[in-house]
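Remarks on the structure that follows.
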Amino acid sequence: MSEMITVGEAIARTLELYGVDTLYGVISIHNLPVADAIGQRGRLRFVPARGEAGAVTMADAHGRFSGLGVALTSTGAGAGNAVGALVEALNAGSPLLHITGQVEKAWLDADTGFIHETRDQLGYLRASSKRAYRISNPNQAVAILQRAIQDAQTPPCGPVSVEIPIDIQGKNIPAALVTAPVAPLAAPALPERAVERLWQRLSAARRPLLWVGGGALSCADAVRKLADAGVTVISSTHGRGILPDSHPRSLRAFHNSPSVEALIEQCDLTLVVGSRLRSNETRSWTLALPAPRVQVDIDPAAASRNYLMDETLIADAGAALNALAAKAQGRVWGDAAQDAQIQQAVAQAAQALREQCGPYAALNDAIERALPQDGILVRDITVSGSLWGSRLFRANGPLGNVHSLAGAIGMGLPMAVGSALANPQRKVAALVGDGGLSLNLGELATMAQEKANITLLIMNDGGYGVMRGIQDKYFGGRQYYNELHTPDFTALAQAMGLQAWTVASVDDFQPTLAEALAMPGPSVVEVRMGDIGPLRFAGPPQKTLY
């Protein structure tokens, strides 16, 4: 007789075969058969988050580095708590598997009041995921799980949800149904004639501009070769570090800076690779991008989505950029004078931002000096994150600056946990505000319990600083509902057994951050902004508020 195992164990074995080593979740009556199997086998690290939103956000960040993040949540309200995090993963294109429970199959969609029952759970998972599946037959559990993983890992990547009724999780199936992993679907081959046409456009330009986004995160080598050949490169904030800031042809992510805009106007071709050209990076699509405009994207639906393109090539970013880089031998575009213009434009943009940041530019510098070169900055949507954290802070390589692309606050801390556990040898500096931190404050306990190598920097201005700036600019300075009662975060961290410091002076930035970031494991630094001074930000660049 062949070996029989539960569906829960089949799921655990399948994840192991895919090389998953860490899973984030909240255990519940409706996912315990899966959790129990994982626990019995003892081969996967289970990170008990304090909420489903935190669990899925941690898995999102982990997947950005590892190639597949995995989260386990309960059904009903538990799965509902995960929706915002799924929306973020969908925006970021993160390869993420979300496994959630369901009520017993006999009571599905019956509206009987079964515990954890909710109306159309699969519907809201479909709305917030790239795909969503329900396992209705135990013998198909592994097959559907493999299909879900393949969907999550096939570009454009995204979160895929799988719901499994509680009784099916406990059913026995033949162990032989656990089969070898299935590879992501391959992108269509790039025709040589398409490469040649793209090269002809690029080589005919006198001053081409390459705009790279998250779809090009794996293309650092090809982008560097093109930059070495003279191509001017600018990136989305998600794409920061694909070309390191130190490269003389990097405009970094200084879109909307007058000096950089003036330089962009001198370009005579825009090549957009793997970027959505998001609204907050293009002033709601009013930033002038030089024509002709050519786009490379794996998603056919991306063609001319936000800017009218002269040509769109549906292709893998790596295939297209590697093919172009292979043709670019030596210096093809530009000269020393153009390099000097680029460096001057970047220096002017950086100086203007430093002046806007005031004393907090020194905080940026203190972290840069103390954080190792391979360290990771994870930032929440907060005033500091949107100013010096997004554009002033150095970028040495891709995924060195992790943040929410959906624009939701509260994800900084769980993103830092996922980033730290995916990179145990690298130090993580997490930048959060007091308002955003409150949304996932419980994950401070997760950070402590998992001994994550994170220094959490809490910018405490007693409320929603971004909202203050927007209300000041667009609502005649009228300030409503943005003042928040906050705890003593230093004392709170110490109560959880964490080393913690309070900073209330610019003079303390350097010594405190040096000490905190040098310490292995979790720590907290609370910056009392009320003592240091305001940091003003009136929302993302755009033509009008709405």
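One distance of note links OG of S129 with CG of L97; it measures 10.0 Å at 0.5 Å rounding. For the atom pair L145 CG and I99 CD1, the distance stands at 5.5 Å (nearest 0.5 Å). How far CD of E52 is from CG of N81: 4.5 Å, rounded to the nearest 0.5 Å. Interatomic distance, N423 CG to L399 CG, rounded to the nearest 0.5 Å: 9.0 Å. Separation of atoms NE2 (H247) and CD1 (I242) is listed at 13.5 Å; rounding is to 0.5 Å. One distance of note links CG of L444 with CD1 of I454; it measures 9.5 Å at 0.5 Å rounding.
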Can you give each donor-acceptor pair under 3.5 Å made by side-chain atoms of residues 169-180, sequence neighbours left out, with the distance rounded to 0.1 Å?
residue	atom	partner	partner atom	Å
Q169	NE2	H30	O	2.9
Q169	NE2	I164	O	2.9

Solution key, residues 409-418 side-chain donor-acceptor pairs under 3.5 Å, sequence neighbours excluded:
none

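Between P424 and L421, the shortest heavy-atom contact is CD-O, 3.7 Å. For S250 against L243, the heavy-atom pair with the smallest separation is CB-CD2, 3.7 Å. Shown here for G158 and K130, the closest heavy-atom pair between the two residues is N-CD, 4.0 Å. Of all heavy-atom pairs between A420 and A452, the closest is CB-CB, 4.2 Å. The heavy-atom pair separating S161 from H98 by the smallest distance is OG-ND1, 2.9 Å. The nearest pair of heavy atoms linking A227 to V233 is CB-CG2, 4.1 Å.
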T75 vs T100, side-chain hydrogen bond (donor to acceptor under 3.5 Å, both in side chains): CA-CA, chis, key distance, verdict: CA-CA 6 Å; T75 188; T100 187; 5.0 Å; no

- [ ] Go through the steps for I166 and I168 under the test side-chain contact (heavy atoms from CB on, under 4.5 Å), then give the verdict.
- [x] CA-CA 5 Å; I166 179 68; I168 288 180; over 6 Å; no

*Any chance you could lay out the side-chain contact (heavy atoms from CB on, under 4.5 Å) test for L437 and F489, step after step, and finish with the verdict?*
CA-CA 10 Å; L437 178 61; F489 289 107; 3.7 Å; yes

inquiry  = Apply salt bridge (Lys or Arg N to Asp or Glu O under 4.0 Å) to residues E281 and R276 and explain how you reach the verdict.
reply    = CA-CA 10 Å; E281 295 171 346; R276 295 174 65 91; over 6 Å; no

Passes side-chain contact (heavy atoms from CB on, under 4.5 Å), V182 versus I149? Steps please.
CA-CA 8 Å; V182 177; I149 294 172; over 6 Å; no

Evaluate I11 against L15 for side-chain contact (heavy atoms from CB on, under 4.5 Å), listing each step before the verdict.
CA-CA 6 Å; I11 290 169; L15 295 178; 4.3 Å; yes

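By the salt bridge (charged side-chain N to carboxylate O under 4.0 Å, His left out) test, D221 is found to be paired with R224, K225, residues two or more places apart in sequence or in another chain being considered. For S136, the side chain to side chain contact (heavy atoms under 4.5 Å, CB included) partners at least two apart in sequence or on another chain are K105, R134. In this structure, R379 has no salt bridge (charged side-chain N to carboxylate O under 4.0 Å, His left out) partners at least two apart in sequence or on a different chain. Residues satisfying the salt bridge (charged side-chain N to carboxylate O under 4.0 Å, His left out) test with D60, not counting sequence neighbours, are R64. With sequence neighbours excluded, no residue satisfies salt bridge (charged side-chain N to carboxylate O under 4.0 Å, His left out) with R126. Residues passing the side chain to side chain contact (heavy atoms under 4.5 Å, CB included) test with A429, sequence neighbours excluded: I367, L371, L377, L517. Listed by chain and number, the residues in a side chain to side chain contact (heavy atoms under 4.5 Å, CB included) with R131 are Y133, D151, V160 (sequence neighbours excluded). Applying the side chain to side chain contact (heavy atoms under 4.5 Å, CB included) rule to S235 yields the partners V212, R240, A253; only residues at least two apart in sequence or on another chain are considered.
Residues E163 and L122 are in side-chain contact: their nearest non-hydrogen atoms beyond the backbone lie under 4.5 Å apart. Two residues are said to be in side-chain contact when any heavy atoms from C-beta on lie closer than 4.5 Å; L210 and I234 fail this criterion. Side-chain contact between V294 and L313: absent, with no pair of heavy atoms (C-beta onward) separated by less than 4.5 Å. The shortest side-chain heavy-atom distance between L457 and V432 does not fall under the 4.5 Å cut-off. Using a 4.5 Å heavy-atom threshold, the side chains of V378 and L431 count as separate. Side-chain contact between I314 and D299 is absent, with no heavy atoms from C-beta onward closer than 4.5 Å. Using a 4.5 Å heavy-atom threshold, the side chains of N396 and R394 count as touching.
With hydrogens and angles disregarded, a donor-acceptor distance shorter than 3.5 Å links the side chain of D245 to the backbone of A395. Between the side chain of Q121 and the main chain of G101, a donor-acceptor pair closer than 3.5 Å is present. Using modelled atom types, one side-chain atom of D316 and one backbone atom of G318 make a donor-acceptor pair closer than 3.5 Å. Here the side chain of Q153 pairs a donor or acceptor atom with the backbone of G67 at under 3.5 angstrom. For the pair D380 (side chain) and T382 (backbone), a donor-acceptor distance under 3.5 Å is absent. The backbone N or O of E9 sits less than 3.5 Å from a side-chain atom of T6, completing a donor-acceptor pair. Judged purely by atom type and a 3.5 angstrom limit, W285 uses its side chain to pair as donor or acceptor with the backbone of L277. In this structure, the side chain of N31 does not engage the main chain of I27 through any donor-acceptor pair within 3.5 Å. The backbone N or O of S28 lies less than 3.5 Å from no partner atom in the side chain of S74, so there is not a single donor-acceptor pair. In this structure a side-chain-to-backbone donor-acceptor pair under 3.5 Å is missing from T22 to R45.
Judged by distance alone, the side chains of E88 and S404 do bring a donor and an acceptor atom under 3.5 Å apart. A donor and an acceptor atom, one from each side chain of Q295 and T312, are located under 3.5 Å apart. Between the side chains of S284 and S279, not a single donor N or O lies within less than 3.5 Å of an accepting N or O. For the residue pair S275/S236, the side-chain donor-acceptor check at 3.5 Å is not satisfied. Of the N and O atoms on the side chains of S390 and T237, not one donor lies less than 3.5 Å from an acceptor on the other residue.
Applying the salt bridge (charged side-chain N to carboxylate O under 4.0 Å, His left out) rule to pairs touching residues 28-37 yields nothing, sequence neighbours excluded. Among residues at least two apart or in separate chains, there is no salt bridge (charged side-chain N to carboxylate O under 4.0 Å, His left out) pair with a member in residues 418-446.
A perpendicular orientation is assigned to the rings of H238 and H403, their planes being inclined by more than 60° (bins at 30° and 60°).
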